[in-house]
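We're numbering straight along the sequence, starting at 1.
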Amino acid sequence: MATNTYDAIVIGSGISGGWAAKELTEKGLKTIMLERGKDIEHIKDYVNATKGSWEFPHRGGRTQAMINDYPVLSRDYPLNELNLDYWANEKESPYTEVKRFDWFRGYHVGGRSLMWGRQSYRFSDLDFEANLKDGIAIDWPIRYKDIAPWYSYAEKFAGISGSRDGLPQLPDGEFQPAMDFNCVEKDVRDKVAKQFGGKRKIIMGRTANITQPLQERGNCQYRNKCWLGCPFGAYFSTQSSTLPAAKKTGNLTLRPFSIVKEILYDKNTKKATGVRIVDATDNKTYDYFAKIIFVNASALNSAWILMNSATDVWPGGLGSSSGELGHNVMDHHFRAGATGEAVGFDDKYYYGKRPTGIYIPRFRNLNGEKRDYIRGFGYQGSASRQGWDRDVAELNIGPDLKNALSEPGPWRFGITGFGETLPYHENMISLDKTKKDKWGLPVLSFDVEFKDNEKKMRADMMNDGKEILEAGGLINVKTYDAGSYPGMGIHEMGTARMGADPKTSVVNKFNQVWDAQNVFVTDGAFMTSASCVNPSLTYMAMTARAVDYAVTELKKQNL
């Protein structure tokens, strides 16, 4: 076998790319995984994971130089000196904003599986049926029963800790023991359950942090430094989980610094033959060939690759025959909710730094209720005691301030809503061929915005949040809306949506591109609607399902 020919190619090494590589190699396929950025080796390259905040020049903060170099990243919390190296270089990889879009990217092996928030929830039929019932966009070609066994498969391998709560809108899964509530959260949880008769429920966040050893991974040490890489392998990432499994088979080749420029397409066979890359270090192009190709570069970059491929056949690129490629961009809108202060717990504290918070599952527009918007939202949040860096209004200098800060501050409880965004055809990305990146490739242009449905939902995010916290016994409860722009949620979805009809969708129910059925897209690009829950677990399950189908079809010589 020539060194540039494989059974399968995986483009991207993040959450879904890692899963594709694991599944393909375990099924016996010689697979090359192409990553546009550098390699980050598990444990060895987590250079800041065991440092204390005092070991950083700015205690983990940001500088003016960083803000100048990363103007997009500086729009929200990701910009800091702790893991700056994990975020894409904005000068090398710019993009165009017709409307504001906060694109936070990770260009390295593992992608954003090293930086993700790890909240892991199943979609329900409430989500899979929503478009059809609301007459929005197109219907999903699958239902919960089609993916439920694959959710279980993904959860068992990834390691999800959580509780079984019996909620139809949030199906239970295969969980390791959940992490514990702290004393304030328990008190608020119980009061809220009593006040609302169980219709609004506070549960522990279901997170991809293991609480019991799994495979060769150690359980969570409650350090809450997940974004720096975990030396214990306690949270799911490509490095801790799928990459070791793929390497163990002996069937994986990993090639970093490989920017996929296009998918190579044969008009005669109507199949892809391979991919063309630009080597990020020497700027030369190389071709790799395979029987099947999995596109997992993240929802936006996967669309970029498709739009830049087979343009001699389809001006809009491979997968554009429906007119939907690049359209229906979705994210979650958030940063609206409520905060309050808990009293009566000044003699209580908590141990460790738990890497997840509480979750309040969706309760709006259920059971026949109708608001002035459709779909809904859930809340993420936590209770904690303020620390030494808090403001003490009546003190600003001297020994009294020092003494005050030597004790923990008041308990506060905050929740922020994560709301569903509808799949609007006009929310789109396209190639801007007037602007080039460092490697001379066209960049993406963004024309995406939140609309009236999302804006109306935000009023409930605040008001319901206030109701919940006040019912939980908190005082001085205040609402907030810090503003939210597409991209901020880092849950990009929808650019190559799944459907039952090639005239209205880019991929079919098995994630096959209609225009080239040996090409599969299993990252956020395939999403037909967004739900209000974090989507990564769905990417894992759908990737495993798609690989199973692809290999079966390959053995039947249908691909």
Side-chain angles (χ1 to χ4, degrees), residues 15-16 19-20 23 120-158 167-174 292 294-296 299 302-303 319 322 324-325 327-330 362 374-376 420-423 491-553 558-559:
I15 285 176
S16 63
W19 265 96
E23 296 298 305
S120 301
Y121 304 98
R122 295 186 179 201
F123 277 31
S124 71
D125 270 333
L126 177 74
D127 303 306
F128 288 115
E129 295 172 356
N131 280 1
L132 180 64
K133 289 184 175 179
D134 294 331
I136 297 291
I138 62 170
D139 186 19
W140 280 90
I142 62 170
R143 292 294 184 260
Y144 178 68
K145 63 180 175 58
D146 297 310
I147 189 175
W150 295 103
Y151 275 134
S152 294
Y153 179 76
E155 288 161 342
K156 289 175 182 176
F157 180 83
L167 300 171
Q169 72 270 36
L170 195 72
D172 291 330
E174 308 289 340
I292 54 176
F294 270 71
V295 185
N296 300 94
S302 287
S322 64
E324 295 298 333
L325 180 62
H327 292 269
N328 314 297
V329 176
M330 297 173 286
R362 174 182 166 184
I374 60 173
R375 313 295 167 89
E420 179 166 358
T421 302
L422 297 180
H491 296 161
E492 313 97 276
M493 295 172 270
T495 56
R497 73 181 179 191
M498 174 182 285
D501 187 345
K503 294 178 181 177
T504 58
S505 57
V506 179
V507 303
N508 69 11
K509 66 179 180 180
F510 290 109
N511 300 80
Q512 285 175 290
V513 176
W514 291 107
D515 294 341
Q517 292 200 6
N518 63 336
V519 178
F520 294 78
V521 181
T522 67
D523 57 21
F526 76 83
M527 299 289 276
T528 310
S529 66
S531 177
C532 66
V533 301
N534 302 53
S536 294
L537 181 65
T538 299
Y539 306 163
M540 298 185 207
M542 292 295 283
T543 299
R545 177 177 178 268
V547 170
D548 184 70
Y549 176 79
V551 175
T552 299
E553 290 295 289
N558 290 336
L559 294 180

Practice task
First locate atom CD of Gln512, then atom OG1 of Thr522, and finally report the distance between them rounded to the nearest 0.5 Å.
Solution key: 12.5 Å

Practice task
May I ask you to test the Ser505-Ser322 pair for a side-chain heavy-atom distance under 4.5 Å?
Solution key: no

Handout entry: Spacing of Gln517 atom CD and Leu559 atom CG [to the nearest 0.5 Å]
Key = 7.5 Å

Handout entry: Output field: ring centroids Trp19/Phe157 closer than 6.0 Å
Key = yes

Handout entry: Between CD on residue Glu492 and CG on residue Asp523, distance to nearest 0.5 Å
Key = 9.5 Å

Handout entry: ring-ring contact (aromatic ring centres under 6.0 Å, His included) involving Trp514 - partner list, sequence neighbours excluded
Key = none

Practice task
Would you kindly say whether Asn296 and Ser16 are connected by a side-chain donor-acceptor distance under 3.5 Å?
Solution key: yes

Exercise for the section: For Arg122 and Ser531, test the side chains for any donor-to-acceptor distance below 3.5 angstrom and give the result as yes or no. Expected result: no

Exercise for the section: Answer yes or no: is there a donor N or O on one side and an acceptor on the other, between the side chain of Asn511 and the main chain of Phe520, under 3.5 Å? Expected result: no

Practice task
Please report the shortest heavy-atom distance between Met540 and Ala154, naming the atom on each side.
Solution key: CB-CB, 4.0 Å

Exercise for the section: Starting from the C-alpha separation in whole Å, work towards a yes-or-no answer on side chain to side chain contact (heavy atoms under 4.5 Å, CB included) for Met542 and Ile147. Expected result: CA-CA 7 Å; Met542 292 295 283; Ile147 189 175; 3.2 Å; yes

Fill in the blank from the handout: Output for pair (Asp172 CG, Ser152 OG), nearest 0.5 Å, gives 10.5 Å

Problem - Closest non-hydrogen atom pair between Ala500 and Pro502, with its separation - result: O-CD, 4.1 Å

Practice task
Could you tell me whether the side chain of Met493 reaches within less than 4.5 Å of the side chain of Tyr539, counting heavy atoms only?
Solution key: yes

Problem - Interatomic spacing from CG in Asn508 to OH in Tyr549 - rounded to 0.5 Å - result: 6.5 Å

Problem - Phe128 and Asp146, any side-chain heavy atoms less than 4.5 Å apart - result: no

Problem - Separation of Lys133 NZ from Leu126 CG (nearest 0.5 Å) - result: 7.5 Å

Problem - Distance-minimising heavy-atom pair for Gly319 and Val513 - result: CA-CG1, 3.9 Å

Exercise for the section: Go through the structure and list residues passing side-chain contact (heavy atoms from CB on, under 4.5 Å) with Asn131, not counting sequence neighbours. Expected result: Ile136, Ala137, Arg375, Pro423, Thr528, Ser529

Exercise for the section: Kindly indicate whether the side chain of Glu553, heavy atoms from C-beta on, has any atom under 4.5 Å from the side chain of Phe510. Expected result: no

Practice task
Taking the side chain as every heavy atom from C-beta outward, state whether Leu422 and Ile374 have any atom pair closer than 4.5 Å.
Solution key: yes

Handout entry: Any donor-acceptor pair under 3.5 Å from Asp127 side chain to Ser124 backbone
Key = yes

Exercise for the section: Could you go through the side chain to side chain contact (heavy atoms under 4.5 Å, CB included) check for Thr504 and Arg497 one step at a time? Expected result: CA-CA 9 Å; Thr504 58; Arg497 73 181 179 191; 4.3 Å; yes

Exercise for the section: Give a yes or no answer on whether the side chain of Glu155 reaches the backbone of Glu174 with a donor-acceptor pair at less than 3.5 Å. Expected result: yes

Handout entry: Glu23 vs Phe294 side-chain heavy atoms within contact, under 4.5 Å
Key = no

Problem - Nearest heavy atoms of Ala525 and Ala299, plus distance in Å - result: N-CB, 3.4 Å

Problem - pair Tyr151-Thr538: side-chain heavy atoms closer than 4.5 Å - result: yes

Practice task
I would like to know whether Val521 and Val506 meet side chain to side chain contact (heavy atoms under 4.5 Å, CB included); could you show each step before the answer?
Solution key: CA-CA 9 Å; Val521 181; Val506 179; 6.0 Å; no

Exercise for the section: With the side chain counted from C-beta on, respond yes when Trp140 and Met527 share a heavy-atom pair under 4.5 Å apart, and no when they do not. Expected result: yes

Exercise for the section: Taking Ser120 for its side chain and Leu537 for its backbone only, find out whether a donor-acceptor pair lies under 3.5 Å. Expected result: no

Problem - Exercise: identify the closest heavy-atom pair between Ser536 and Ile15 - result: OG-CD1, 3.7 Å

